[in-house]
Asks: 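Got a structure for you, questions after.
Counting starts at 1 for both ligands and their atoms, in listed order. What's counted below: heavy atoms across the whole structure, side chains too, no hydrogens, waters or symmetry copies. Numbers for residues simply follow the sequence, beginning at 1. Since we're looking at a predicted model, the values are computed, not measured.
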Amino acid sequence: MNNKNKARCERCGKRLKKGGNNYRLECHIVSDFDGYLDASATKKSWQNIAKEIEQSGLTEKELEEQVYFKLEQKLCLDCRSEVINFLKGKS
Ligand SMILES: [Zn+2]
């Protein structure tokens, strides 16, 4: 049996039925700039900033996700409820 074309919840793996209670999660978390720059940050040279980035040990993707994170997933009804409860602080 070929299951490759069967839609599955991308969070728990449960099969999503055609015409069922299926959902698509679209999540964006964006860094919020409040207009304040630390004075010491403005005095740093690009070389020092590049050195700090190198020393952080973070990958390019991890650094990018600190500024902009996007997640899109198909969800089943149970996972939808869990995600909403988590986002509302009820989990
Ligand atoms: Zn699920």
Asks: So does E82 pair up with R11, basic N to acidic O under 4.0 Å?
Replies: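 Here E82 pairs with R11 in a salt bridge, since their nearest N and O are under 4.0 Å apart.
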
Asks: Only counting residues at least two apart or in another chain, list the ones meeting side chain to side chain contact (heavy atoms under 4.5 Å, CB included) with K18.
Replies: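 K18: no side chain to side chain contact (heavy atoms under 4.5 Å, CB included) contacts found.
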
Asks: Can you give the donor-acceptor pairs under 3.5 Å from side chains of residues 50-58 to other protein atoms, not counting sequence neighbours?
Replies:
from	atom 1	to	atom 2	distance (Å)
E52	OE1	K44	NZ	3.2
E52	OE2	K44	NZ	3.1
S56	OG	I53	O	2.6
S56	OG	L58	N	3.2

Asks: Centre-to-centre under 6.0 Å for F69 and H28, is that the case here?
Replies: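 No, the ring centres sit 6.0 Å or more apart.
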
Asks: Do any protein N, O or S atoms sit under 2.8 Å from the Zn ion (ligand 1), and which ones are they?
Replies: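 Atoms qualifying: C9 SG, C12 SG, C76 SG, C79 SG.
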
Asks: Kindly compute the distance separating NZ (K17) from CZ (R15), expressed to the nearest 0.5 Å.
Replies: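 It is 8.5 Å, given to the nearest 0.5 Å.
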
Asks: K14: what forms a salt bridge (Lys or Arg N to Asp or Glu O under 4.0 Å) with it, not counting sequence neighbours?
Replies: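 Expected list: D78.
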
